[in-house]
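All chains are named by letter (A, B, ...) in the order of the sequence lines, taking the proteins before the strands, and each is independently numbered beginning at 1. Bear in mind the structure is a predicted one, so any value in this text is a computation, not a measurement.
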Amino acid sequence: MQIFSEPILSALARLTGQPLAQLKLERPRDPKLGDLAFPCFLVAKERKQAPPAVAAELAAALAGQLDGISASAAGPYLNFRIDRPLLAREICAEVAIAGERFGASDEGAGKTVLIDFSSPNIAKPMHIGHIRSTILGAALVRIFRHLGYKVVGINHIGDWGAQFGGLVVALRRWKGEVDLEGDPVMGLLDLYQRSKAALKDDAQFQAEAVAAYQELESGREGEVRELWRWVTEVSMRGFLATYARLGVSHELVRGESWYEPLLAPTLERVKAAGVTEISQGALVVQLGELDKSLKETPCLLQQTNGTTLYATRDLAALFSRFEEFGFERCLYVVGGEQKLHFRQLKGVLKRMRQPWEPRVEHIDFGLLLGPGRKKIASRKRGEVLVLDDLLDEVTEAAEKVIEAKNPALAKRAQVARDVALGALIYNDLKRERIKDVIFDEHEILSFEGDTGPYLQFTHARLASILRKAHANEDAALRSKPDWSALENAGEILVTIGRFGDVVRSAAARAEPSELSGYLLGLARDVSTWVSSSDNRVLGTAGPEGAARVALVRCAKSALGNGLRLIGIPTPEEM
RNA sequence: GCGCCCGUAGCUCAGCUGGAUAGAGCAGCGGAUUUCUAAUCCGCUGGUCGGGGGUUCGAGUCCCCCCGGGCGUGCCA
């Protein structure tokens, strides 16, 4: 699309005398008006003329100046229309040449982006509460990578903390009562829940738990350390199995425990910067002068009893990460409930005058709730909705739909998994990440309308057309396309041309919903076009058919690339 | 109490960071299948953009006040 917008912008810059960077083109409200639009308000203001007069004047001045692009004034707007055959030829060629790399760029060359996402706690299976960070983070990883960044997805496993004391004691007492052989993760969950209850009303248990945690912290080898290691191992195996089902992976898995040796040096560092003080017995960094709204909430780094806190660990991790990677951006894909925590962290960095503080960003997202804004419960296990159970359930529903709609389909099990994943991922990425997600099971399982499977279905239809064209050895495949046959696909082509811009913007804002929304619009336009009997591809001979095949190929490629970027599988048949 | 976020059709959400007549999905109603997947497509119904001020040539979008909901709020993570 740049191939069209660049000459327009430079011509406008020349005619208006405005710097190129200040001019921007937008999309007309109604696509019938044109493919690109230039609002003339600002230029009009500068020239003290009426906007429509400026538009008319510019239109006249541009007449015949731009190859294959015509300009027309419509009120205060200057609209540009790209010659249809030229548009079709250029876009189809661009997509065909770029292939998997369509929409890619090298803007990230030599830059590293860290993305901290998913980060479950050990001794429990991944549950519904982890789905948003995991899906958002994995999508961001792919999007940034597409733009040439070196991306390091980090899994900051919660493998430390006082709760392990309780778990260790639970293991000692009830090891034999749960199934730790067949399904160790679920067995651990059981123990974890029992230890939580025991910590509440069993003083003996409580004391033993504290002692166990102290031993763990001391670093001594022995029973406690061994149990902790075993729990970590078993849990990680469970996480990796779940990640494999989700198509997710991390470049760096590093638990909180890894940062333990860095805690003391980090405290020293903050103290040396002269920003700490003792308040009510605790070591804190006051942030009120930086930001009035943080006046009442200093960042606590060390408790009265000397132990460190969450913020201390995250601060240690941040310094360590900056030193190790020299990141361009460090994104924390963590729920909005922790907003204060990250503002405090950044506040401490600011007070320490770390120039890279703005590169640290909290990529926050809204709550995940059930219908009626109630907490999501599991039908199977009551309290926690385990991610694997959810995947099973949605996959089962997908299998039933395949049974009904396409019983002859080969690879049914695989496609069911793909569709289930598409449904879950799209449900999470379709709205702005800051919005709370109402997890409506009915909607997830319907696979109709504004859903992942709809996008996958559109992609599969295009794949099917191409497959049949090749199987028939369609004559159109050997013809040279007549690009003027794609007159009615202009909107689709313009949309495809915007793909790269959308990917860039989604990365800049760390907002995958921008891409998912774009893909929905593209799929809708493509579905409409494909569904019209005027646009039959197969059986349309010669150059006209060749052009349609090219459009289908181009649309399938763009749609497929976009879906894969957000993590949605793209089966060829479904 | 204080801080931050959200409020657009009955429900779930878009609205391109201030521009042209506010758009989708679900739900409801009515259509489309001898031909490329009906997990689809087409049409209809449905709006005081929470309310009130302000800035601007122009406000769903920016500022202020209010209302409603959510999250958070020094020794948890």
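- Spacing of P atoms, B/C6 relative to B/A24, comes out at 25 Å, to the nearest Å.
- Here the shortest heavy-atom pairing between A/Glu514 and A/Ala506 reads OE1-N, 3.9 Å.
- Shortest non-hydrogen contact noted between A/Pro569 and A/Gly422 is CD-N, 4.3 Å.
- One interatomic measurement links the two molecules: CG of A/Leu519 to C1' of B/A14, which rounds to 14 Å at whole-angstrom precision.
- Between the side chains of A/Asn488 and A/Asn535, a donor-acceptor pair is found at a separation under 3.5 Å.
- As a whole-Å value, the separation of A/Asn488 CG from B/C41 P is 17 Å.
- Comparing B/U8 with B/A14, their C1' atoms sit 10 Å apart, to the nearest whole Å.
- To the nearest angstrom, C1' of B/C16 lies 14 Å from CZ of A/Arg504.
- B/C16 sits 44 Å from B/C76 when the P atoms are compared, rounded to a whole Å.
- Comparing B/C6, B/C16, B/C41 by their nearest atom to the side chain of A/Ser527 picks out B/C41.
- As judged by a 4.0 angstrom heavy-atom cut-off over every strand, A/Asp291 is placed among residues making no nucleic acid contact.
- The residue A/Arg29 sits close to a base: some heavy atom pair falls under 4.0 Å.
- Note: CD (A/Glu514) to P (B/C13) measures 19 Å, nearest angstrom.
- The glycosidic torsion of B/G74 lies within 90° of 0, which places this base in the syn conformation.
- Nucleotides B/A22 and B/G47 are separated by 8 Å at their C1' atoms, to the nearest Å.
- Between A/Ile438 atom CD1 and B/C6 atom P the separation is 16 Å, expressed in whole Å.
- Contact record, A/Asn155 with A/Ser119: OD1-N, 2.9 Å, taken as the closest heavy-atom pair.
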For this session: Show the numbers, then the answer: is there a salt bridge (Lys or Arg N to Asp or Glu O under 4.0 Å) between A/Glu443 and A/Lys430?
Result: CA-CA 13 Å; A/Glu443 196 185 319; A/Lys430 70 177 173 182; 2.6 Å; yes
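- Of the C1' atoms belonging to B/C29 and B/U45, the separation is 7 Å, rounded to the nearest Å.
- Shown here, B/U33 is classed anti by the O4'-C1'-N9-C4 or O4'-C1'-N1-C2 angle, which is more than 90° from 0.
- Listed here is the closest heavy atom pair of A/Ile496 and A/Ala558: CG2-CB, 4.0 Å.
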Atom pairs under 3.5 Å, N or O on each side, protein against nucleotides 3-5 of chain B: can you list them with distances?
unit_1	atom_1	unit_2	atom_2	d
B/G3	O2'	A/Arg343	NH2	3.3
B/C4	O2'	A/Lys339	NZ	3.3

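- Within the structure, every pair that satisfies the salt bridge (charged side-chain N to carboxylate O under 4.0 Å, His left out) test and touches residues 26-44 of chain A, not counting sequence neighbours, is listed here: A/Asp35-A/Arg84.
- Atom CD in A/Glu432 sits roughly 15 Å away from atom P in B/U61 (whole-Å rounding).
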For this session: Give the B/S/- string for nucleotides 24-39 of chain B, one per nucleotide from 5' to 3', where a protein heavy atom under 4.0 Å of the base yields B, of only the sugar-phosphate yields S, and otherwise -.
Result: SSS--------BBBSB
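- Of the charged side-chain nitrogens involved, none lies within less than 4.0 Å of a carboxylate oxygen, so that A/Arg351 and A/Glu277 do not count as a salt-bridged pair.
- Remark: the A/Arg343 side chain and the A/Thr297 side chain contain no N/O donor-acceptor pair separated by less than 3.5 Å.
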For this session: For nucleotides 65-77 of chain B, just jot down a letter per nucleotide in 5' to 3' order: B, S or -, based on protein non-hydrogen atoms under 4.0 Å.
Result: -----SSSSBBSB
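- The ring-ring contact (aromatic ring centres under 6.0 Å, His included) check on A/Tyr454 picks up nothing, with sequence neighbours excluded.
- A parallel orientation is assigned to the rings of A/His341 and A/Tyr310, their planes being inclined by less than 30° (bins at 30° and 60°).
- The existence of a salt bridge linking A/Glu361 and A/Arg509 is excluded, since no basic side-chain nitrogen approaches an acidic carboxylate oxygen closer than 4.0 Å.
- In summary, A/Arg321 and A/Asp116 engage in a salt bridge, as defined by a charged side-chain N under 4.0 Å from a carboxylate O.
- When heavy atoms are screened at a 4.0 angstrom cut-off, A/Lys295 is found touching no nucleic acid atom at all.
- Residue contacts for A/Ala50: at a heavy-atom cut-off of 4.0 Å it reaches no nucleic acid atom on any strand shown.
- The CG atom of A/Leu42 sits 12 Å away from the P atom of B/G18 (whole-angstrom rounding).
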Seminar exercise, completed: With both pairing distances under 3.5 angstrom for Watson-Crick or G-U wobble, and | for a partner in another strand, the correct string for RNA chain B is (((((((..((((.....[...)))).(((((.......))))).....(((((..]....))))))))))))....
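- As rounded to whole Å, 15 Å separates atom P of B/C11 from atom NZ of A/Lys435.
- For B/C62 and B/G15, the P atoms lie 12 Å apart once the distance is rounded to whole Å.
- Side chain of A/Arg467 to main chain of A/Glu572: a donor-acceptor pair is present (N/O by atom type, distance under 3.5 Å, no hydrogens or angles).
- Across all strands, A/Pro76 comes closer than 4.0 Å to no nucleic acid atom at all (heavy-atom distances).
- Of the residues near RNA chain B, A/Ser513 and A/Asp30, the one whose nearest nucleotide (by heavy atom distance) lies more toward the 5' end is A/Ser513.
- Aromatic ring orientation, A/Phe342 versus A/Tyr332: tilted (interplanar angle from 30° to 60°).
- When the C1' atom is compared between B/C66 and B/A20, the two are found 33 Å apart, to the nearest whole Å.
- Taking atom C1' on both B/C44 and B/A59, the two are 31 Å apart, rounded to the nearest angstrom.
- Judged purely by distance below 3.5 Å, without hydrogens or angles, the side chains of A/Ser257 and A/Asp159 pair a donor atom with an acceptor atom.
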